[in-house]
Chemist: 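The structure follows.
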Number of protein chains: 2
Amino acid sequence: MKYELDQAQELSAQIAQAIRDGIMEGRLIVDQRLPSESDLCEQFQVSRPTVREALKRLAAQNLIRTQRGASGGAFVNRLSFEDAYGQQITTSTLLLSMNAVSFETACEARFALERACVALAAQRRTPDQLAAMRAEIHRQSQPGLSDESFCASDVAFHRALVDAAGNPVMSYQLAGAVEAIEPLMNMITFTARKREKIVELHTLIADALEARDAATTEAVLGQLAEHTLELAREVARMRSKSA
Amino acid sequence: MKYELDQAQELSAQIAQAIRDGIMEGRLIVDQRLPSESDLCEQFQVSRPTVREALKRLAAQNLIRTQRGASGGAFVNRLSFEDAYGQQITTSTLLLSMNAVSFETACEARFALERACVALAAQRRTPDQLAAMRAEIHRQSQPGLSDESFCASDVAFHRALVDAAGNPVMSYQLAGAVEAIEPLMNMITFTARKREKIVELHTLIADALEARDAATTEAVLGQLAEHTLELAREVARMRSKSA
DNA sequence: TTTTTACAAATGTCTGACAATTAATTTTTC
DNA sequence: GAAAAATTAATTGTCAGACATTTGTAAAAA
C-alpha cells in the first residue's frame, strides 16, 4: 500500500481517513488486524503520537478496537447495532439542540417516521413487545411520577412500537428521531389531565396493535401527534405571556 | 470543575467522555473555547499527548474544531446538518455491510420511511425540487449510463423526494436509509427493460407530486418498492443457479 | 506433566523539545 | 501621526525517546 499525504489537513486526520477508506471499501475487513503502531509510523512516515491520534479518531467512531499485550493491536471492529444506536442518538440530540430545531419540526419528523412503522408493526408485533408497551403504559399512569420519568417512559413506549416493526434497520434509523426529542419534551409540564389523555391514546395503540389493526393504530397515532403539538403550543403561549 | 477518572478505561477515552458530557448537558456551549491543552493537562493531571488523543476523538465526531495560533484552541463546534448527514451515511453504510443486512430488510426500511415523507412532500414540494427530480429522471434515461451512475442517480432522485418534505430533521434521519442502500443496489444489473420501468415509475411519482396527489404518489412508491425487490430476487436466483 | 518464571511484543502514558500558525504588540518608516 | 513592517507571545502540530502495563509464548523448575 502506498499513501500520499496532502499538507492541507492535519496528518492524523489524513491517516485516519486513509484507514477509514480502507474499511469502507472493504480492503480492511472485520476483525482484521491493522499493522502495529510502529509499522504505521513507517508506512506513513510520521511519529507514533501522530499515528495514535489517527487511531483514536477511528476508535471514537467505533471503527476499530485496540487490545494491549503480545498479540494485541488495533482491529477492525464490527459496528454493532448497539454502537450505531448510541452514535445516532448522540448526533441527533446535538443536532436538535445546537440548531435550535423547533419542537414542531422534530415532532413532525418523529410521528411521520413512526407512522411508517405501523403497518409492519401490526403484522409482526410479538407478545413481548406488546408486554413492553403495556408495562410502560402502566408506569405512565403511576401518580407520583416526575415529568422526566414520564417522558422517559414515553420514549420507551415509542421505542417498543418501532421495534415491533421487526426491522432492525428501521429501529436504528428511528432511534435518533425518537430519543432526541426527549430533551425537548422535558420542557413540557404534564398535568394529570394531559397524562390521562396520553395514557388513553397509548392504550388504544397497544390494543390496535394487538388486534393487528394497522388503520386504527395509524389514526390514533395521528391523534397523539396532534395532542403532543397542542401541549407544546400551550407551553409556548404560557412562555410568551409570562415574558 | 472537578474530575474523577476511573482506571478501567483509557484516560483519553475518559477525558473525551467528560468533555462530551459537558457539551451534551449544555455546560459547554457552541463556539465556546475549551481550556488550552496545557490547562487541560493540569485539570485532568495527564500529559499533553493524552489530552490530544481525547481531543482528536471529539474532533472525529465533529464535536470540536481546533485552530492554531495565538488566540487559537479547541472550540465547541456547531454540528451542522451537513456534518450530521455525513456521519449518518458513514455509519449506516458500515452497519449494513458489516452485519450482512439483507437487501430485503434494507429495502423495506427505506421504502417504509420514504413513504412517510410523501404526504408532506405533496404539500410542500417546491419547483426546484421537482426540477431536481426531473433532471435525475432525464439522466436515468440516457442509454450509455453505467449501472453505478444509474444507481447514483436513483439515490439522488430519492434524496430529492425526501427533501421535498421540507423537514430538515427528516432529511437527516433518512439520509442514511437512502444512501446506505447504494452499495447493495450496485450489485444489481439493470437491463434496459428494467431501467425503463423504473424511469416510468419515477416519472409517475414526479407527476403525482406536481399535482400534489399524495395518494397516487404513495401507490406508485409501493409499486417501485415491489419492482426493486423483484429485481433483487432475480439476482438472487441467478446467483444460486450459477453456484 | 504441571506450574512458575522469564521474555517479547504491543499498546498506554510521560517528558521535553521544536515547528508552524496566528493575533497582538512594538518598532520603524514615510 | 498614520501606515507598514518586524517582533513577540500563545497555541496547536509534530517529533524523538523513554518507561509502564498488559498479555501471549516459551523456557525452566518442581
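Chain naming here is simple, since letters A, B, ... match the order of the sequence lines and numbering starts at 1 in each. As the structure is a computational prediction, the values presented were derived from the model and not from experiment.
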Chemist: Can you tell me which residue among B:His138, B:Arg139, B:Gln140 is in a side-chain hydrogen bond (donor to acceptor under 3.5 Å, both in side chains) with B:Ser153?
Modeler: B:Gln140
Chemist: With a 4.5 Å heavy-atom cut-off, do A:Asn77 and A:Leu63 have their side chains touching?
Modeler: no
Chemist: Working note: A:Tyr172 + B:Ser92, criterion side chain to side chain donor-acceptor pair (under 3.5 Å); need CA distance, chi angles, decisive distance, verdict.
Modeler: CA-CA 9 Å; A:Tyr172 154 70; B:Ser92 300; 3.2 Å; yes
Chemist: Let's see if you get this right: which residues in residues 52-62 of chain A place a heavy atom under 4.0 Å from DNA chain C?
Modeler: A:Arg52, A:Lys56
Chemist: Could you check how far CD of B:Glu37 sits from P of D:dG13, rounded to whole Å?
Modeler: 6 Å
Chemist: Roughly how many Å is it from CG in A:Asp39 to P in C:dT11, rounded to a whole number?
Modeler: 9 Å
Chemist: Are the charged groups of B:Arg65 and B:Asp83 less than 4.0 angstrom apart, N to O?
Modeler: no
Chemist: Atom pairs under 3.5 Å, N or O on each side, protein against nucleotides 23-27 of chain D: can you list them with distances?
Modeler:
{"from": "D:dT23", "atom 1": "O2", "to": "A:Ala70", "atom 2": "N", "distance (Å)": "3.2"}

Chemist: Just compare C:dT13, C:dT15, D:dA16 and give me whichever is closest to any side-chain atom of B:Pro49.
Modeler: C:dT15
Chemist: Report the nucleotide, chosen from C:dT13, D:dT12, D:dC15, that has the shortest atom-to-atom distance to any side-chain atom of B:Ser12.
Modeler: C:dT13
Chemist: Without decimals, in angstroms, what is the distance between B:Gln14 CD and C:dG12 P?
Modeler: 13 Å
Chemist: Measure the distance from CZ on B:Arg48 to C1' on D:dT14 and round it to the nearest whole Å.
Modeler: 9 Å
Chemist: Starting at CG of A:Leu40 and ending at C1' of C:dA10, how long is that distance when rounded to a whole Å?
Modeler: 12 Å
Chemist: From CD1 of B:Ile15 over to C1' of C:dC14, roughly how many Å is that when rounded to an integer?
Modeler: 13 Å
Chemist: Using a cut-off of 4.0 Å on non-hydrogen atoms, how would the nucleic acid contact of B:Arg65 be classed: base, sugar-phosphate, or nothing?
Modeler: nothing
Chemist: Nearest whole angstrom, please: distance from the C1' of D:dT12 to the CZ of B:Phe75.
Modeler: 11 Å
Chemist: May I have the distance from B:Leu34 (atom CG) to D:dT11 (atom C1'), rounded to whole angstrom?
Modeler: 13 Å
Chemist: Looking just at side-chain N and O atoms, do A:Thr105 and B:Asn167 make a donor-acceptor pair shorter than 3.5 Å?
Modeler: no
Chemist: Could you check whether A:Glu114 pairs with A:Arg110 (Lys NZ or Arg NE/NH1/NH2 to Asp/Glu carboxylate O, under 4.0 Å)?
Modeler: yes
Chemist: Under 4.0 Å between a Lys/Arg side-chain N and an Asp/Glu carboxylate O for A:Arg124 and B:Glu108?
Modeler: yes
Chemist: Nearest to the side chain of A:Thr66 - C:dT11, C:dT13, D:dC15?
Modeler: C:dT11
Chemist: For the pair A:Arg233 and A:Glu104, evaluate salt bridge (charged side-chain N to carboxylate O under 4.0 Å, His left out) and give the outcome as yes or no after the intermediate values.
Modeler: CA-CA 9 Å; A:Arg233 281 190 221 107; A:Glu104 281 78 12; 5.2 Å; no
Chemist: For C:dG12 and B:Thr50 - does any side-chain N or O of the residue sit under 4.0 Å from the phosphate oxygens OP1/OP2?
Modeler: no
Chemist: Determine, step by step, whether A:Arg57 and A:Ser12 satisfy the side chain to side chain donor-acceptor pair (under 3.5 Å) criterion, reporting the C-alpha distance in whole Å, the side-chain angles of both residues, the deciding distance to 0.1 Å, and the verdict.
Modeler: CA-CA 8 Å; A:Arg57 294 176 114 107; A:Ser12 65; 2.7 Å; yes
